[in-house]
> 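What follows is a structure written as structure tokens; I'll ask about it next.
Keep in mind that the numbers below use all heavy atoms, side chains included, and drop hydrogens, waters and symmetry copies.
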Amino acid sequence: MATKKPLIPGRGLDAILGDINIDNINGTQSDVTASISMVPISDIETNPYQPRKEFDETALQELAQSIREQGVITPITVRRMPDGKYQLIAGERRFRASQIAGLTEMPAYIRVATDGQVMEMALVENIQRENLNAMEIALSYNALIEDCQLTHEQLSQRVGKERSTITNYLRLLNLPAETQLALSQGQISMAHARALINVEDPEKHIAILHDIVNRHLSVHQAEQMVKAAKAEAKPKSPTAKPELPNLHSAAQSRLRQLLGNDVEIVRSRRGKGSMTIHFNNDEDFNRILKLLNQE
């Protein structure tokens with residue numbers, strides 16, 4: 001029986017997993033389920049489904065210094081690929097920081113997972129552990145729906161979010177590119193973006209976006225601007241009919257009394273107009289003709 005190495009205080013899982021060798025694991029992916037091993041960093045490939053596209057360099061340096069002092073506390077999650085390499089599923093910040101710290105290997109959970117499962121795990125892990133920006137979340141939700149053929153309801157169950165939350169994020173993908181960029185760069189908040197969605201006119205939309213960014217407007221101020229823009233965009237109500245002169249109004253009233261039917265006289269300010277006599281059926285029409293002939 002192999003003698004276990006003593007635990008070294010302050011070295012985290014490096015000490016606990018020091019006697020586990022990657023060579024002890026069968027090389028075929030189907031035989032590797034959920035083991036923990038020390039994996040050579042040079043054999044790890046980044047995850048193409050990683051939702052986060054940008055990493056704060058200062059934060060990475062701080063994490064690297066912590067890893068130098070304390071080791072990797074939480075293992076990353078990988079899956080073994082057919083070529084013997086390992087693809088990162090979750091933990092890219094730890095992976096990058098470990099590279100900076102100069103580590104040659106790091107602890108990892110080895111999982112068997114399909115592309116769809118990898119995408120799901122990467123998204124869920126990042127949402128739980130890091131603050132993805134709203135556009136990264138929206139793009140990841142959309143990728144899960146399209147690639148894994150999930151409904152909004154199924155996705156909400158997978159990621160533990162309300163269906164309405166999923167829908168609100170996906171609506172961000174309908175924003176103009178400039179607004180999406182401002183949101184991803186933190187120039188506007190998701191609440192600002194949700195207000196801007198309601199401005200369909202491209203020029204007004206971008207104008208309000210620039211005001212929000214340049215004047216550092218609050219969400220309430222942005223909503224007021226959007227409300228004003230929507231009011232301007234409403235179609236104008238039809239122009240009111242000019243009031244009838246006394247002569248025409250009196251004639252309209254007299255004809256209604258005489259015929260017993262609705263009579264409508266319309267006259268423009270220039271004097272041009274029309275007179276309409278309404279009837280209910282052919283019998284009523286003939287009755288009106290007789291009355292007019294008598295006149």
Side-chain angles (χ1 to χ4, degrees), residues 134-135 138 142 152-153 162-295:
M135 285 309 306
N142 189 60
H152 288 198
E153 184 63 34
E162 294 290 335
R163 181 175 176 175
S164 58
T165 300
I166 301 293
T167 302
N168 285 334
Y169 273 108
L170 291 173
R171 288 183 69 202
L172 300 177
L173 300 177
N174 297 323
L175 290 166
E178 187 173 348
T179 307
Q180 291 188 24
L181 182 62
L183 179 57
S184 65
Q185 293 179 342
Q187 294 177 303
I188 62 173
S189 68
M190 184 170 175
H192 285 114
R194 288 182 62 185
L196 283 168
I197 287 175
N198 298 306
V199 183
E200 296 180 358
D201 182 274
E203 292 185 3
K204 289 183 179 180
H205 181 110
I206 298 302
I208 295 175
L209 170 65
H210 290 171
D211 275 342
I212 294 172
V213 174
N214 296 331
R215 296 166 54 194
H216 307 288
L217 300 183
S218 67
V219 173
H220 177 70
Q221 290 172 315
E223 289 173 342
Q224 293 301 309
M225 292 189 70
V226 169
K227 185 177 180 180
K230 289 178 67 177
E232 292 177 5
K234 287 183 179 180
K236 296 181 179 180
S237 57
T239 305
K241 297 178 182 178
E243 187 174 347
L244 283 175
N246 291 336
L247 175 65
H248 297 76
S249 179
Q252 181 176 259
S253 298
R254 184 169 179 276
L255 284 170
R256 287 175 176 174
Q257 292 175 357
L258 174 66
L259 301 177
N261 290 65
D262 186 25
V263 177
E264 183 180 11
I265 296 176
V266 178
R267 176 186 178 278
S268 70
R269 290 185 175 84
R270 295 184 178 182
K272 186 177 181 180
S274 63
M275 180 171 63
T276 303
I277 301 174
H278 298 268
F279 58 89
N280 300 317
N281 48 46
D282 289 345
E283 183 180 352
D284 194 31
F285 177 75
N286 290 325
R287 179 186 65 80
I288 293 172
L289 287 180
K290 289 179 180 179
L291 288 173
L292 290 175
N293 288 332
Q294 291 177 2
E295 288 293 309

> Check Ile288 against Phe279 and note the closest heavy-atom contact, atom names and distance.
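That closest heavy-atom pairing would be CD1-CB, 3.8 Å.
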> Is the shortest side-chain heavy-atom distance between Ile206 and Thr179 below 4.5 Å?
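Of all side-chain heavy-atom pairs linking Thr179 with Ile206, at least one is under 4.5 Å.
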> So, the side chain of His205 versus the backbone of Leu196: is there a donor-acceptor pair under 3.5 Å, distance only?
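Pair found, side chain donor or acceptor close to backbone of Leu196.
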> State, yes or no, whether a side-chain contact exists between Leu247 and Arg267 at a heavy-atom distance under 4.5 Å.
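When only atoms from C-beta onward are counted, Arg267 and Leu247 do not touch, as no gap falls below 4.5 Å.
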> Please check if the number of heavy atoms outside Arg194 that lie under 6.0 Å from its CZ is greater than 12.
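No, the 6.0 Å shell around CZ holds no more than 12 heavy atoms from other groups.
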> Quick one: list whatever passes salt bridge (charged side-chain N to carboxylate O under 4.0 Å, His left out) with Asp201, sequence neighbours left out.
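Asp201 satisfies salt bridge (charged side-chain N to carboxylate O under 4.0 Å, His left out) with no other residue.
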> For residues Val213 and His210, determine if any side-chain heavy atom of one lies less than 4.5 Å from a side-chain heavy atom of the other.
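SC-SC contact between Val213 and His210 ruled out.
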> To the nearest 0.5 Å, what is the distance between CG (Asn198) and NZ (Lys227)?
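Here the interatomic distance stands at 12.5 Å.
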> Just wondering, more than 12 heavy atoms not from Asn246 lying within 6.0 Å of its CG?
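No - once you tally the heavy atoms of other residues, nucleotides and ligands closer than 6.0 Å, there are 12 at most.
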> If we only count heavy atoms from C-beta on, is the Arg256 to Ser253 side-chain gap below 4.5 Å?
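Not touching, per the 4.5 Å side-chain cut-off.
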> Any sub-3.5 Å donor-acceptor pair from Gln252's side-chain atoms to Ile265's backbone N or O?
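Answer holds: yes.
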> Rounded to the nearest 0.5 Å, how far apart are CD of Glu264 and CG of Leu244?
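Taking CD in Glu264 and CG in Leu244, the distance rounds to 9.0 Å.
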> How many angstroms lie between CD in Gln221 and CG in Asp211, if you round to the nearest 0.5 Å?
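Output value for this atom pair is 10.5 Å.
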> I need the minimum non-hydrogen distance between Lys204 and Ala229, along with the two atoms involved.
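Minimum heavy-atom separation between Lys204 and Ala229: NZ-O, 3.9 Å.
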> Just checking Asp282: does its CG atom have more than 12 heavy atoms from other residues, nucleotides or ligands closer to it than 6.0 angstrom?
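Counting other residues, nucleotides and ligands, CG of Asp282 stays at 12 neighbours or fewer.
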> Is the count of non-hydrogen atoms from other residues, nucleotides or ligands lying under 6.0 Å from Gln224 atom CD greater than 12?
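For Gln224, atom CD is crowded (more than 12 foreign heavy atoms under 6.0 Å).
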> With rounding to the nearest 0.5 Å, note down the distance linking CD in Glu243 to NE2 in His248.
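Nearest 0.5 Å value for the CD-NE2 distance: 13.0 Å.
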> Looking at every heavy atom in both Ile208 and Met225, which two are closest together, and how far apart are they?
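The answer is CD1-O, 4.0 Å.
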> To the closest 0.5 Å, what do you measure between CE (Met135) and CG (Asn142)?
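These two atoms lie 9.5 Å from each other.
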> Surrounding CD of Glu203 (heavy atoms of other residues, nucleotides or ligands, distance under 6.0 Å), is the total greater than 12?
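No, because the 6.0 Å sphere around CD of Glu203 holds 12 heavy atoms or fewer from other groups.
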> Please tabulate, one pair per line, all N/O donor-acceptor pairs under 3.5 Å involving side-chain atoms of residues 166-177, not counting sequence neighbours.
{"residue": "Thr167", "atom": "OG1", "partner": "His152", "partner atom": "ND1", "Å": "3.4"}
{"residue": "Thr167", "atom": "OG1", "partner": "Arg163", "partner atom": "O", "Å": "3.1"}
{"residue": "Asn168", "atom": "ND2", "partner": "Ser164", "partner atom": "O", "Å": "3.2"}

> CG of Asn214 to CG of Leu209: how many Å apart, nearest 0.5 Å?
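The CG atom of Asn214 sits 8.5 Å away from the CG atom of Leu209.
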> Hey, does the side chain of His192 reach the backbone of Ser189 with a donor-acceptor pair shorter than 3.5 angstrom?
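Yes; at least one donor-acceptor contact below 3.5 Å.
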